[in-house]
Q: 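Structure below; questions to follow.
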Amino acid sequence: MANNCRSQAQGILLGLACGDALGRSVEFQRPDRIKRRHGRVTEMLANGTHGQPAGTITDDTEMALCIARSLAEHGAFEPEDIATRFVDWKRSGPFDIGIMTSSALQRIQNGESWDEAGQREWEASMEGSNAGNGSLMRCAPYAIAYRNEPTELVEVSRQSSAITHADPRCQWSCALFNRTLANLLTDVDQPLERVLNEIGSELPGDVRNAVEPVTDARRGEPVDISLENSGYVVTTLQAGLYHGLTAETAEDAIVDAVMMGGDTDTIGAVAGAVTGARFGEDALPERWVTEIDEVEELRQLATSLIERRQ
Ligand SMILES: [Mg+2]
């Protein structure tokens with residue numbers, strides 16, 4: 001059981017990194033173009049979008065690393081420390097950073113507090129560009145550390161989102177996603193269905209409506225999960241949960257997510273975390289894992305977060 005939990009926790013962080021790195025080379029491309037050029041994207045590709053070596057992770061995994069390192073060091077959610085780590089990372093000049101993330105972190109850099117910056121950035125943003133997936137993509141480490149504390153997990157997931165993404169759809173997508181991961185880690189049957197039963201009434205309607213078809217798909221009913229994946233948190237959540245919870249293998253979950261096109265690294269990362277929690281790290285293709293430079297640190301951090309509280 002303990003070994004199993006460790007493998008699943010490592011699966012979350014390594015699955016996230018695998019999906020991020022696999023999707024990176026085809027980010028922003030339409031699915032028909034990806035298919036025409038690559039067939040199925042089953043190998044880590046060099047160059048492509050962002051022109052990086054094969055196996056390069058992006059902001060999704062880098063920001064998740066900021067959170068995981070802070071949790072491992074402090075043993076609890078320290079939002080100010082996490083905001084500082086985000087700002088330091090932004091200052092390092094990453095090749096990929098979301099617009100809302102960049103603007104909110106700039107506010108913190110300019111002296112606004114972590115709990116004001118995201119809120120003000122959100123109030124200054126228009127509908128249509130105010131609910132991106134930039135906090136969902138990085139939030140999985142909380143699910144490991146707070147897997148046995150469901151109320152706290154919702155609270156820290158929402159607050160961590162609000163550092164850069166204060167929209168209720170973003171905050172609640174992180175909460176629902178992490179509660180689903182925590183259920184997978186603790187071997188709860190019907191992990192997503194249970195979350196919907198427990199906090200469904202608190203979710204914004206758009207989030208609930210997007211996730212309910214995933215439960216239909218899990219019962220074997222045909223559903224249409226082919227929305228354009230432009231980076232809207234609700235469609236990313238839907239696609240990530242759908243592939244993560246319904247694919248028969250970890251490889252299929254991540255490849256199918258990336259083949260949807262659009263924001264492929266983040267859809268891949270979200271699906272990867274779910275499938276990693278479901279099947280454990282051994283289920284991730286070895287040829288992908290060995291391409292990722294940060295694998296050892298990700299493994300160690302997953303173990304530290306598991307041991308944080310039993
Ligand atoms: Mg990215």
Side-chain angles (χ1 to χ4, degrees), residues 12-31 34 41 44-69 82 85-106 129 131-141 160-161 163-165 170 173-174 177 228-241 243-244 253-276 288 291-295 297-298:
I12 289 178
L13 297 189
L14 294 186
L16 183 139
C18 283
D20 180 20
L22 193 83
R24 191 265 315 149
S25 69
V26 293
E27 191 180 0
F28 311 128
Q29 296 179 20
R30 290 171 50 90
I34 298 173
V41 179
M44 295 288 177
L45 301 172
N47 305 312
T49 315
H50 305 298
Q52 299 290 320
T56 306
I57 59 167
T58 79
D59 51 349
D60 308 58
T61 311
E62 284 172 352
M63 295 191 86
L65 274 166
C66 291
I67 291 172
R69 289 174 187 142
I82 286 169
R85 288 171 194 260
F86 287 169
V87 168
D88 289 346
W89 166 74
K90 175 177 173 286
R91 281 192 168 128
S92 75
F95 63 82
D96 189 15
I97 183 168
I99 295 166
M100 203 151 183
T101 296
S102 180
S103 307
L105 296 181
Q106 189 60 50
S129 63
N133 55 23
S135 60
L136 178 66
M137 70 185 194
R138 69 182 185 224
C139 73
S160 178
S161 175
I163 297 172
T164 56
H165 292 68
C170 302
S173 290
C174 293
F177 176 64
E228 189 193 338
N229 284 287
S230 56
Y232 178 35
V233 66
V234 166
T235 53
T236 302
L237 177 72
Q238 182 188 56
L241 287 173
H243 293 295
I254 291 171
V255 173
D256 289 345
V258 167
M259 293 304 294
M260 291 183 79
D263 200 359
T264 48
D265 58 334
T266 299
I267 305 165
V270 172
V274 175
T275 201
W288 292 354
E291 293 268 23
I292 295 170
D293 292 343
E294 294 78 4
V295 159
E297 186 185 8
L298 288 163

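In each ligand, atom 1 is the first atom listed, and ligand 1 is the first ligand listed. If you read the sequence from its start, that first residue is 1, and numbering goes on from there. All figures in this text were calculated on a predicted structure; none of them were measured in a lab.
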Q: Sub-3.5 Å donor-acceptor pair from the side chain of Arg24 to the main-chain atoms of Leu45, do we have one?
A: yes
Q: How large, to 10°, is the angle at the Mg ion (ligand 1) when you draw lines to OD2 on Asp265 and to OD1 on Asp60?
A: 100°
Q: Restricting to N/O/S atoms, is Thr58 within less than 2.8 Å of the Mg ion (ligand 1) or not?
A: yes
Q: So which of the N, O or S atoms of Asp59 lies nearest the Mg ion (ligand 1)?
A: OD1
Q: Rounded to the nearest 0.5 Å, how far does OG1 of Thr56 lie from CG of Asp20?
A: 9.5 Å
Q: A side-chain contact here means heavy atoms from C-beta on lying under 4.5 Å apart; do Met137 and Asp59 qualify?
A: yes
Q: Fit a plane to each ring of Phe95 and His50, take the angle between them on a 0 to 90° scale, and name the class: parallel (under 30°), tilted (30 to 60°) or perpendicular (over 60°).
A: tilted
